[in-house]
Number of protein chains: 2
Amino acid sequence: MFKKILIAEDQQSANISLQKTLHDLQIETTDYVYYCDHALSWIKNAQRDQAPYDLLITDLSFEPDNNTQVLEHGTDLIREARNVHPDLKVIVFSGENRPSVIDDLFENLKIDGYVRKARHDADHLKQAIHTVYNEKRYQPSAIKQAIREENSFEFTTVDITIVSLLYQGEMQKNIPFILKQRQLKPCSLSSVEKRLNIMKEALGFVKNEQLAVYCKEKGLI
Amino acid sequence: MFKKILIAEDQQSANISLQKTLHDLQIETTDYVYYCDHALSWIKNAQRDQAPYDLLITDLSFEPDNNTQVLEHGTDLIREARNVHPDLKVIVFSGENRPSVIDDLFENLKIDGYVRKARHDADHLKQAIHTVYNEKRYQPSAIKQAIREENSFEFTTVDITIVSLLYQGEMQKNIPFILKQRQLKPCSLSSVEKRLNIMKEALGFVKNEQLAVYCKEKGLI
DNA sequence: TTCTGTCTTACGGAAAACCGTAAGACAAAA
DNA sequence: TTTTGTCTTACGGTTTTCCGTAAGACAGAA
């Protein structure tokens with residue numbers, strides 16, 4: 001089993017139960033920090049002292065407070081940690097439940113496991129630790145399924161761009177110019193209108209306002 | 001100090017740390033349930049057995065799972081609990097951080113305390129329990145301040161209704177009819193346009209899409 | 001190469017939203 | 001009561017969006 005684990009979690013109550021969970025697993029060394037910056041320091045120091053961590057368990061969102069931090073988000077921490085310690089195992093422990101966001105963690109940050117703060121999270125975390133220790137990914141099957149179900153409609157890059165631009169306040173009739181600048185196709189006004197219609201119809205909407213809220217909530221824009 | 005406390009929290013890890021926290025406070029009887037429906041049953045049974053709870057600590061959002069529940073949300077539980085036990089003290093322990101939503105809990109549900117799942121939540125919870133025990137409200141001052149700062153713009157009932165209707169897919173030109181049905185004023189098309197302009201200008205927006213997302217994120221609609 | 005089907009674009013009329021102005025309603029003060 | 005200022009409504013012209021149609025571009029098959 002893992003010998004040395006670092007926990008980065010700013011929420012005190014979550015941190016407490018993580019401590020208890022790891023204690024149950026009889027991990028030899030477990031360190032707990034409340035800030036991303038501290039986590040990175042500890043990882044660096046551990047490397048320097050030739051006693052690297054086996055596993056990082058981190059939250060995603062960290063509350064800003066008086067102690068200004070360089071790393072503001074769990075993803076920043078993961079990226080930096082991988083710089084100094086490329087083969088560090090990483091399990092993310094977060095409340096995030098947007099499948100597209102979680103999937104992105106596996107795809108782009110190559111995390112090893114994801115445990116959502118939810119009903120059986122403590123049990124799931126234990127499972128995740130065992131699974132990752134066995135060199136496997138702990139990726140709840142529900143996620144991939146949810147991605148498929150939820151995104152019953154497949155947004156193209158252009159789709160996302162169009163909705164983003166609307167959300168940023170661009171007038172629909174100006175969007176073709178911007179799409180051309182970004183070398184995206186199709187980029188005619190007709191196509192913009194058509195894509196908007198397709199998106200709305202697929203999701204049962206009639207107004208752009210609904211589409212914008214939907215995409216924002218799903219983390220697509 | 002409180003003798004008998006009930007905790008309704010579906011997130012296992014949060015539940016674990018709540019248990020530890022109450023243990024630290026040496027509460028005589030603490031019961032833990034993972035569903036709103038169970039919580040209500042326990043409250044009813046406690047009343048029947050003439051051993052009522054002194055305090056309910058509850059989350060707001062409960063994850064739906066296979067066990068279908070009558071009460072789906074913490075607010076439902078609080079309402080029902082108050083029906084059978086009007087003077088039950090209630091502390092809400094949740095991740096919700098939208099000031100308008102939290103304020104609503106104090107104003108309408110008359111909760112006694114709110115502790116947000118955040119950096120020092122375990123400490124805050126202890127404070128909250130002490131404060132509520134002393135017959136005072138535990139309402140983080142930051143909330144009222146945030147309400148003022150954040151809602152630099154004051155939305156009227158009509159404003160909220162207009163944005164809601166847009167979000168529900170109503171065409172702007174039909175909104176006057178609906179406002180008249182609901183006996184809201186002003187209700188002319190001109191006024192709808194004017195209110196939308198005022199809202200957008202106040203918040204630095206140019207498109208309704210931005211306004212809809214803003215109001216949705218703030219929990220105003 | 002030509003044919004064919006699909007995707008993209010262009011265009012134009014209709015509908016909706018936008019925006020300024022002026023008239024009307026209403027309440028508080030004189 | 002009248003006056004005054006503000007809020008609400010009505011109206012019309014302009015801009016933007018919507019939507020259907022047709023022309024054009026393009027890739028794959030014959």
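In this text, all values refer to a predicted model and were calculated from it rather than measured experimentally. Quick note on labels: first sequence line is chain A, next is B, and so on, each numbered from 1.
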With no hydrogens and no angle check, is any side-chain donor or acceptor of B/His130 less than 3.5 Å from a backbone partner on B/Lys126?
-> yes
Is a side-chain donor-acceptor pair under 3.5 Å present for A/Gln12 with B/Asp123?
-> yes
Side chain to side chain donor-acceptor pair (under 3.5 Å) filter on B/Tyr167, not counting sequence neighbours, yields none
From CA spacing to verdict: salt bridge (Lys or Arg N to Asp or Glu O under 4.0 Å), B/Arg195, B/Asp159 = CA-CA 7 Å; B/Arg195 292 312 302 174; B/Asp159 291 341; 2.8 Å; yes
Would you grab the first and last nucleotide of DNA chain C (5' to 3') that comes under 4.0 Å of any non-hydrogen atom in chain A?
-> C/dT8 to C/dA17
Which residues within residues 190-201 of chain B lie with some heavy atom under 4.0 Å of an atom in DNA chain D?
-> B/Ser190, B/Ser191, B/Lys194
Report the C-alpha separation of B/Tyr53 and B/Ile43 in whole Å, then their side-chain angles, then the decisive distance to 0.1 Å, and conclude whether the side chain to side chain contact (heavy atoms under 4.5 Å, CB included) test is met.
-> CA-CA 7 Å; B/Tyr53 287 101; B/Ile43 290 170; 4.2 Å; yes
Within residues 169-178 of chain B, those residues having any heavy atom closer than 4.0 Å to DNA chain D are none
Cation-aromatic face contact B/Arg119/A/Tyr35, 6.0 Å, 45 degrees | yes
Assign each of B/Lys180 and B/Lys207 the nucleotide of DNA chain D bearing its closest heavy atom; nearer the 5' end lies the nucleotide of B/Lys180
Do other residues, nucleotides or ligands put more than 12 heavy atoms under 6.0 Å from B/Glu201 CD?
-> no
Pairwise distance CG(A/Asp87) to NZ(A/Lys89) - rounded to 0.5 angstrom = 7.5 Å
May I ask you to decide if the ring planes of A/Phe2 and A/Tyr133 are parallel, tilted or perpendicular, using 30° and 60° as cut-offs?
-> perpendicular
How sharply is the helix from C/dT1-D/dA30 to C/dA30-D/dT1 bent, taking the axes over five pairs at either end and rounding to 10 degrees?
-> 10°
State, with a plain yes or no, whether a side-chain heavy atom of A/Glu9 is found less than 4.5 Å away from one of A/Leu18.
-> yes
Counting only heavy atoms not in B/Glu72, do more than 12 fall under 6.0 Å of its CD?
-> no
B/Gln183: side chain to side chain donor-acceptor pair (under 3.5 Å) partners, not counting sequence neighbours | none
